[in-house]
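Report on the following structure.
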Amino acid sequence: MIKNSCQLIVNSHQFKKTGFFLFFLFTFHFSLFTFHCFAQDDVNITADKLEYPAETNMYIAKGSVKIVYGDAVLTADEAYLNKTTGEATAAGHVVYEDLEAVVTAEKMELNFMTRLGTLYNGNIFYKSRNYHVKITLHESVKAKDAVFYVKGMPLFYTPYFWAPLLEERQTGLLIPHVGFNNTKGFMYKQGFFWAIERNRDATVYLDYFSKKGIGKGLDYRFIESPETSGELWVYHLRDSDLKRDFLELKSYYNQELPAGMSGYSKLHFVNSFDYYKKLESTSANRVGLSSWQYDVFGVGFEERLQKYLESDIQLSKPFSGGRTYVLGQYRQSLEESSGDIPQSLPEAGFILNTKSKGPFSLNMSFTGTNFWRKEGLEGQRLDIYPNAYFSYGRVVNFTQKVGLRETAYFLKDSGENANREIFDLRSGLTTRFYRDYESVMHLIEPSLEYVQVPAVNHDDIPEFDSVDSMPQTSDFVYSLTNRFSGNASNGSDARFRLSQSYSLLNVERPFAPVLAEVDLSSKKLDVDVSASYDVYDRTVTETITSVTVKGKKGSAGIGKNFRRSTKLDQYSVEAGLHDFLKVRGKTLPVDLSGRLWYDVKGAGVQELNIKTVYKSQCWGITVAYIKKPSEYQITVGIEFRGFGSIKVG
């Protein structure tokens, strides 16, 4: 319907549908470019009666209405046209015509800028070819001998085209993924979706890897209420190359219980610690789907970078001022055997929330934990930890915190028990100075804190987790923070913080490394810097830095991750461009992005990702290249907007 369109060409047709239906021009004739014609082209409107109330920014035309917009002409008995947005509503003998088609309707709602709209009791007639297409409202669109054209050139052909036109989910096969990976070989991934009920569904997956074998997966989801929902993912692959079975389990479950109680579980388990090193993520884009709005499993799909997998089961009961809970927690190592990891099976706790009275406040926790593991010391631990606070002053604020801790251990097979009494003290002074300039506000926040933990003999104390390790401390911690906050017009904010600690116990090197932190955010530049400087060795010990320059057509950034103790010295470079190509003076909707991770210490390129995306209003193409030291993959994806995608690589 418009020049340079993304079209679906088919053979013979007249389309007619009585009643309301979607304006399927967007399926066949979306523009390859976005035209803002009210800024670039003249709009000519004639009618028996034409009004333009300035306060509404709306043309009101009645009687023999004719609107000429570029190569498009619309006639009707009456029409309303928004001058700014290009949105129009026409009624009575409506006829729309451009270079490719003629549309008639009793009523039409149309945006001249996007060429999207809705017909009421209408027909679509194509000019240049014979078309054969069948559109069933709320069901599907079918076409024979379909060809996608870009700028008059045939790009993609299919003898048969089908796509759902449903607002609700429907049982059926998902679009398969086809590709090639140098470690897995030829890949074919097929899913079958089962819409069980409105609040529950399941997807069964069958994956074929020419070098690995056949993988089977199941993803089941349900929502009973905002407080009760869950998902279960199970995947199995018998690796024909390694002669091993690989199994993955992911699950979460929220349950509302009687008497104000609630239950929660999160399970993440693999049968072999090297699962993700051998297969990488088999659940990527399958569980924790976008419709759930968040990653319920607590980890991204780069599980191969995780050190542990964690599973939790918890029951809790809130009450006025606190809560009680019972927790079971299991951690699985992804680096080696998990036999020596202490597991909390179970832990019971009582938490008293902070209660305040004037400048005084108090909170407390009481926990009892049973630690179990296959290899190493086991036992139970009781821990009581009340904390008292005092806070006074507004211009200069003084805070005082005292924590008293009693911890008792009942150890298995050792024949002895142990206990520990300890306190921790924190005293702090803070203040704030600020000045408000015309375009920026400047705040200066100095702080000084003293932290003390007395010496305790830990020889008889087992180390299950961080609660058991409380080293002697007597430190002054001081910092100076500068904040700059811009107004809404420039949208810039900056923070610069220097901090250091001084130990009264470390006679040889009392000064800790100086930590410098810089955060800058603006419309054109983002800077994040965190660096530690050893004042004795006069060297930088750690650095995490990223600088990103942003422009109208893209962005570019460089980052550095340096740690002297582990000899890590890594750079990352990333860049992205969008709408940077032009053909015949028109901008192509093409994005190009890339990112490189490079190890300066000899490993070289750790990972390289390059991706280009072309997006029309009805379909798109993605080409991606991923290179790792021992693996590479090329992927080509074809996406039909609102219908799904096909990936070949």
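- Applying the salt bridge (charged side-chain N to carboxylate O under 4.0 Å, His left out) test to K355 and every residue at least two apart in sequence or in another chain returns nothing.
- With sequence neighbours excluded, the residues satisfying side chain to side chain contact (heavy atoms under 4.5 Å, CB included) with K216 are L206, I214, H236.
- Remark: Y625 engages L608, K627, I634 in a side chain to side chain contact (heavy atoms under 4.5 Å, CB included) (not counting sequence neighbours).
- Taking Y253 as the reference, F222 meet the ring pair (Phe, Tyr, Trp, His ring centres under 6.0 Å) condition, with sequence neighbours excluded.
- Residues that satisfy the salt bridge (charged side-chain N to carboxylate O under 4.0 Å, His left out) test with D207, not counting sequence neighbours, are R286.
- Take F186 and apply the side chain to side chain contact (heavy atoms under 4.5 Å, CB included) test, not counting sequence neighbours, and it matches V178, Y188, Y208, S210.
- Under the side chain to side chain contact (heavy atoms under 4.5 Å, CB included) criterion, E378 pairs with W372, R373, K412, sequence neighbours left out.
- Between R221 and D201, at least one side-chain N (NZ, or NE/NH1/NH2) sits under 4.0 Å from a carboxylate O, which counts as a salt bridge.
- F269 is linked by a ring pair (Phe, Tyr, Trp, His ring centres under 6.0 Å) to nothing, counting only residues two or more places apart in sequence or in another chain.
- Taking a cutoff of 4.0 Å between a charged side-chain nitrogen and a carboxylate oxygen, K611 and D591 do not qualify as a salt bridge.
- Residues satisfying the salt bridge (charged side-chain N to carboxylate O under 4.0 Å, His left out) criterion with K278, sequence neighbours excluded, are absent altogether.
- Residues that satisfy the ring pair (Phe, Tyr, Trp, His ring centres under 6.0 Å) test with Y409, not counting sequence neighbours, are absent from this structure.
- Applying the side-chain hydrogen bond (donor to acceptor under 3.5 Å, both in side chains) test to pairs two or more places apart or on separate chains, those with a residue in residues 317-333 are E310-Q329, D312-Q329, Y325-E347.
- The number of heavy-atom neighbours closer than 6.0 Å to NZ of K374, taken from other residues, nucleotides and ligands shown, is 12 or below.
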*asked:* As a quick check of understanding, evaluate side chain to side chain contact (heavy atoms under 4.5 Å, CB included) for S229 and Y252, giving each step before the final call.
replied: CA-CA 8 Å; S229 62; Y252 85 93; 3.9 Å; yes
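- Side chains of T407 and D383: a donor-acceptor N/O pair is present below 3.5 angstrom, by distance only.
- Looking at D239 and R244, no side-chain N of the basic residue comes within less than 4.0 Å of a carboxylate O on the acidic one, giving no salt bridge.
- A side-chain donor from one of N370 and Q380 sits under 3.5 Å from a side-chain acceptor of the other.
- By the ring pair (Phe, Tyr, Trp, His ring centres under 6.0 Å) test, F246 is found to be paired with Y275, residues two or more places apart in sequence or in another chain being considered.
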Requested in this report: Take F192 and W194 through the ring pair (Phe, Tyr, Trp, His ring centres under 6.0 Å) test and state the conclusion after the steps.
Outcome: CA-CA 7 Å; F192 177 81; W194 180 20; 8.2 Å; no
Given the rule in the ring pair (Phe, Tyr, Trp, His ring centres under 6.0 Å) test, do Y571 and Y598 qualify, once you have shown the distances and angles that lead to the verdict? CA-CA 5 Å; Y571 283 88; Y598 188 86; 8.0 Å; no
